[in-house]
Number of protein chains: 2
Amino acid sequence: MTDTTDLNDMKAMLQVPLGNQIGRVHRLWRSAITAAVQSLDMTEARWTAMLHLQLLGEGATQQALAQELGIEMPSLSRTLGQLVELDMLERRPHPTDKRAHCLYFTPAGQQTLTKLIERTMQIRQALYRDLTPAAVQQLMQALDLMERNARALLVTTAAEDNL
Amino acid sequence: MTDTTDLNDMKAMLQVPLGNQIGRVHRLWRSAITAAVQSLDMTEARWTAMLHLQLLGEGATQQALAQELGIEMPSLSRTLGQLVELDMLERRPHPTDKRAHCLYFTPAGQQTLTKLIERTMQIRQALYRDLTPAAVQQLMQALDLMERNARALLVTTAAEDNL
DNA sequence: ACCAAATACTTAGCTTGCTAACTAAATAAA
DNA sequence: TTTATTTAGTTAGCAAGCTAAGTATTTGGT
């Protein structure tokens with residue numbers, strides 16, 4: 001492979017609507033999981049919040065969970081309200097900071113969580129079909145790079161707006 | 001690398017919320033482009049539709065464009081209505097099928113399209129920073145596989161529901 | 001000690017994906 | 001040919017992301 005080939009590849013790449021492909025995969029992914037857990041009263045936002053609270057550990061604040069999920073507080077706040085309403089989660093006062101809430105699973109939430117983990121792992125396995133661990137690894141690294149690039153870009157744009 | 005390592009890798013993979021990472025990248029990607037074209041009266045759905053109509057070629061039906069975008073007709077229908085309202089697109093009757101509409105850019109739409117292409121290519125370039133063409137290629141292939149896996153999964157689930 | 005700025009969270013309202021339910025036209029079956 | 005099914009498109013309303021704006025604490029500067 002020569003440099004010229006690389007340059008041509010690069011040009012071709014810029015034409016491809018990869019962003020849209022990413023969006024499509026994202027929607028399909030979430031639909032697949034939601035279909036698998038529909039009996040649990042879980043929507044996309046709900047099971048996502050449940051699973052990530054588990055990753056982060058009980059007692060996390062809403063702010064911490066929002067960061068983990070990469071979404072804004074208002075989006076999460078609404079979903080957490082629903083999960084509290086459904087008796088899946090509890091918001092307990094933060095021991096030192098009166099503004100903050102810490103999140104805990106209720107007993108019912110624990111049960112649901114167990115099923116969620118089980119089923120989502122099955123789905124993930126199906127989604128990774130014919131992909132080698134190395135390929136998945138590379139995929140994650142590439143996405144990570146693009147995520148950082150996008151954040152950097154947004155910061156630049158925001159700064160320009162403030163001139 | 002032994003089979004055992006692969007198996008462990010696989011198990012570890014299943015724990016990682018890759019779906020969420022994909023969603024995050026998708027949102028950041030769209031935000032980055034939208035920020036770059038905000039002066040053109042373009043929202044995410046609008047510039048996406050414009051660019052893909054260009055890829056598909058003028059005269060495409062709404063159905064064809066929806067398929068290209070991987071979204072449902074109602075989602076597209078709304079956006080196209082806005083673009084017609086903004087004098088970017090025209091819906092002309094299909095020559096033989098009276099149900100269908102064919103999509104064409106207006107002169108104003110053509111102008112906007114040119115700017116859109118220019119700016120989105122710049123953004124894509126920035127997003128691909130530090131990624132080799134080969135890495136992008138692999139990324140697209142991996143996403144493609146996952147997309148097919150997800151579709152297969154949804155078909156299976158839908159069939160089960162109809163028992 | 002006190003007032004300004006930042007932070008945790010909520011509420012309100014927009015955008016854009018979706019499904020469900022409808023109309024009108026085209027196609028297939030009887 | 002006439003009727004049933006499929007297809008192109010729309011409208012209505014839900015889900016979940018977002019920003020903007022408000023409240024209540026906390027932190028920081030003077």
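So that the names make sense, note that chain A is the first sequence line, chain B the second, and so on, each numbered from 1.
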Open item on the list: Across nucleotides 10-20 of chain C, 5' to 3', mark each nucleotide with B, S or - according to how protein heavy atoms within less than 4.0 Å reach it.
Closed with: BBBB--BBBBB
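- Side chain of A/Thr34 to main chain of A/Thr43: no donor-acceptor pair is present (N/O by atom type, distance under 3.5 Å, no hydrogens or angles).
- With contacts defined as side-chain heavy-atom distances shorter than 4.5 Å, the pair A/Glu44/A/Trp47 qualifies.
- Evaluation of the side-chain hydrogen bond (donor to acceptor under 3.5 Å, both in side chains) test over residues 53-69 of chain B, restricted to residues two or more places apart or in two chains, returns B/His52-B/Glu68, B/Gln62-B/Arg91.
- A distance-only check finds a donor-acceptor pair linking the side chain of B/Thr106 to the backbone of B/Met88 [under 3.5 Å].
- Shown here are the side chain to side chain contact (heavy atoms under 4.5 Å, CB included) partners of B/Thr120, two or more places apart in sequence or in another chain: B/Ile33, B/Leu51, B/Arg124.
- Residues B/Leu80 and B/Leu65 meet the side-chain proximity criterion, which asks for heavy atoms closer than 4.5 Å.
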TODO: Sugar-phosphate means primed atoms, P, OP1 and OP2; the rest is base. With that split, encode nucleotides 23-28 of chain C 5' to 3' as B, S or - using protein heavy atoms under 4.0 Å.
DONE: -BBS--
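- Of the possible donor and acceptor atoms, none in the side chain of B/Arg92 sits under 3.5 Å from a partner among the backbone N and O of B/Leu103.
- Across all their heavy atoms, B/Asp87 and B/Ala108 have their closest contact at O-CB, 3.6 Å.
- Taking 4.5 Å as the limit, some side-chain heavy atom of B/His94 sits within range of a side-chain heavy atom of B/Thr96.
- For DNA chain D, the outermost nucleotides in 5' to 3' order that have an atom under 4.0 Å from a heavy atom of chain B are D/dT7 to D/dC18.
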Pairs under 3.5 angstrom only: tabulate donor-acceptor contacts from the side chains of residues 18-26 of chain B to other protein residues two or more places apart or in another chain.
from	atom 1	to	atom 2	distance (Å)
B/Gln21	NE2	A/Met140	O	3.3
B/Arg24	NE	A/Glu147	OE2	3.1

